[in-house]
Asks: 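For reference, the structure I am asking about is given below.
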Amino acid sequence: MRAPRPRPECVPMNVAFNLALDLEAVLLTAASAAGLDVPGFVGDVRTADPRHGDFQANGVLGYAKARKLNPRVIAEKLVAALPAAVTGAYDVAIAGPGFINFTLKPAVLLHWLRTYDSTAHLKAGAGTAKSGQIWVVDYSSPNTAKQMHVGHLRSAVIGEAICRLLDFNGAKVVRDNHVGDWGTQFGKLIWACKQARARDEAALKSAIALDPLEEFERLYKVGNEAADADPAIMDQARAELVKLQNGDPENLAIWRQINGDSLAAFQVIYDQLGIKFDVMHGESFYNDQVERIYRELTDSGIAQESQGALVVFHPEHPRFKTQPFIMRKADGASNYATTDLATALYRLEHFQADGIVVVTDYRQADHFEQLFLTVGKWFAAKHYRLPELHHVTFGAVTGEDGKALRTRDGGTIRLKQLLDEAEARALALVGERSSDIPAGERAQIAQTVGVASVQYADLSQNRSSDYVFAWDKMISLEGNTAAYLLYAGARIHSIFRKLGVTPGEATTEAAASPLETPAELMLARKLVKFADAIRIATETLRPHFLSLYLYELAGEFSAFYSADKVAVDDPAVRARRLLLCARTLLVLETGLNLLGLRTLTRM
RNA sequence: GCGAGCGUAGCACAAUGGAUAGUGUAGUGGCCUCCGAAGCCAUAGAUCUGGGUUCGAUUCCCAGCGCUCGCACCA
């Protein structure tokens, strides 16, 4: 991303950022002027197939049919009532059974492109949607004492993209890594640590120093197997857990070291992915708040005793009327339902959250549905304000056989290894394609391409479905891949380098003549739809809408690049094509950054 | 058993209830004395089955089928 030029805060707003939303509002006014029954009318404006125009209003069809009117007659009345501002900006046509098609005039396209000429101005345009709201996003959230594996990838990548989208839409975003640092695994782990220490303290220390998570995982396995084999050891492990939860200094010290080492290892991956959390409130953070949860849910009659546990049933729900939400175990211990309830309350009281987004795989859907139902009733009973609650789910990462992704010997794939392999594969490719670039820079490029490929493979696809992990398709240069998008950006940078011009220079762009060729117009028409791509991706919390848009934008640019030469002699033509290049670069890089990817100036 | 998600070309994916269901790969045929061919242009190929709602259904509802996952003290 190039450095932002200093600019005044104000944006000339005489061209709307989101033209579809603007048209929707204008249509309502026009409907009123045309004598339509306005409360019953919606314009239903959406981006159109380019063959029909830029935007289409479908609202007339439903309106007319419901009233047994002729939709084309209604459409004609509506079009006749459109203000000059619209008819001056668009070619308007009625088509088919009653669609109203709007095609932007070239001068307006150019005006939009001149207005939204920097990341700051784009953000100012998009930033009204969630202006002033506070959103807490809970993502990544690995368990400590374990390495992050491929299963942790999607939450981190999708969560970060959602954070950036919300931020771009004007929200204040709190990135919260809700790490699993308080589970029952610590009993066995502490037991195994103590055994190993008693046997050979120096060996343990050096093993931990070499690769802490590797050693903790090994110790956990040792503890787990020993406890399974011998009930006496199981009891000892339980006792260690109780000691930990009661604040035993020795166990607490071991626990602290495990968490500290774990977070340090996670940080290496977060750095690679460009993720920075604002807070890391793990489950242990809420440990002292559970009593209030028990009290409030019991006092308000929401929770009840069942088989010794404290649970919540939801009688109105077909399944949760019998499937309990267990918020205190029969042995009196808390579980993740308890901490998640406490977490919801904390996010309301401490952060004043307007929205909470939790990003986990779909297998936890039942848990969060129960949690949100419970929170709804609880907050209502206590007259707490209820934030918007979203469980953002995603499918599994599978191998090409459709089964959960594993190493050849059946082990889990470590995220660190996976990212390193992505870089190695990208390095091989860059060496093959760009042997003229110095080795040091190639390594840098490979880092960006490798990680971006992994991120983009995830983000380019609807998160609901499982996703097939295939190196060859992911690092590929062809198709809807990060490399294709980064390449498009690199080519644009290359044009500016060749011509000795800085992208977006006002003096260069001043001479631009109106857009004219089909390729210029198609590219410009795609650029103005950035606003709607952002809107849809944010509203649905589905980043793939933005990915798809960027891919199509890069495609339009490539078509333009092939059809129309930028470095022509005519200064006005050259200026307008440079303006298109600059704006494509701006939108592409802004969009990729919103997805969490780093971009390149050459590759 | 109950419930959820998914089912679109050989393969991998897209389609905020809209017009002739889009794209990539693999296939076929073109395009580099010209700003980066990691590219562009052209071509062929698909909605699991059966009902329903709607002016209009890949999308919503119902019933099947298939795959995956969840369902009392793991997270």
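Since this is a predicted model, take the numbers as computed values, not measurements. In what follows, chains carry the letters A, B, and so on, assigned in the order in which the sequence lines appear, proteins first and then strands, with residues in each chain numbered from 1.
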Asks: Between B:U59 and B:C48, how far apart are the P atoms? Round to whole Å, please.
Replies: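 Pairwise P distance, B:C48 against B:U59, rounds to 8 Å.
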Asks: Is there a donor and acceptor pair closer than 3.5 Å between the side chain of A:S476 and the base of B:U25?
Replies: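 No such pair is found, so the answer is no.
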Asks: Considering only the P atoms, how many Å lie between B:C34 and B:G29, rounded to the nearest integer?
Replies: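 That atom pair is separated by 26 Å.
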Asks: Quick one: the side chain of A:Q185 and the base of B:A75, do they pair up donor-acceptor inside 3.5 Å?
Replies: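 Side chain to base: no pair below 3.5 Å.
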Asks: It should be established whether A:Q461 places a side-chain nitrogen or oxygen under 4.0 Å from OP1 or OP2 of nucleotide B:C13.
Replies: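 A:Q461 to B:C13 OP1/OP2: side-chain N or O found under 4.0 Å.
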Asks: So, does the side chain of A:Y487 form a donor-acceptor pair with the base of B:A38 at under 3.5 Å?
Replies: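 No such pair is found, so the answer is no.
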Asks: Can you tell me if the side-chain N/O atoms of A:K329 get under 4.0 Å from OP1 or OP2 in B:C74?
Replies: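 Yes, such a contact exists.
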Asks: Is it the case that B:A19 (base atoms only) and A:N101 (side chain only) share a donor and an acceptor within less than 3.5 Å, ignoring hydrogens and angles?
Replies: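 Present.
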Asks: For B:A38, does the base pair up with any side-chain atom of A:S434 as donor and acceptor (N or O, under 3.5 Å, distance only)?
Replies: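 Side chain to base: pair found, below 3.5 Å.
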Asks: Check whether the side chains of A:S460 and A:N480 place a donor and an acceptor atom closer than 3.5 Å, and report yes or no.
Replies: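 No - no donor-acceptor pair under 3.5 Å links their side chains.
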Asks: Please state whether the phosphate of B:C73, meaning OP1 or OP2, lies under 4.0 angstrom from any side-chain nitrogen or oxygen of A:R328.
Replies: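 Checking B:C73 against A:R328, no side-chain N or O comes under 4.0 Å of OP1 or OP2.
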Asks: Looking at B:G39, which nucleotide sits across from it as a Watson-Crick or G-U wobble partner, both distances under 3.5 angstrom, or is there none?
Replies: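 B:G39 is paired with B:C31.
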Asks: Between the base of B:A75 and the side chain of A:S141, is there any donor-acceptor pair under 3.5 Å?
Replies: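 Result: no qualifying N/O pair found.
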Asks: Considering every strand shown, what is the Watson-Crick or G-U wobble mate of B:C55 when both distances are under 3.5 Å?
Replies: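 In the structure as shown, B:C55 has B:G18 as its Watson-Crick or wobble partner.
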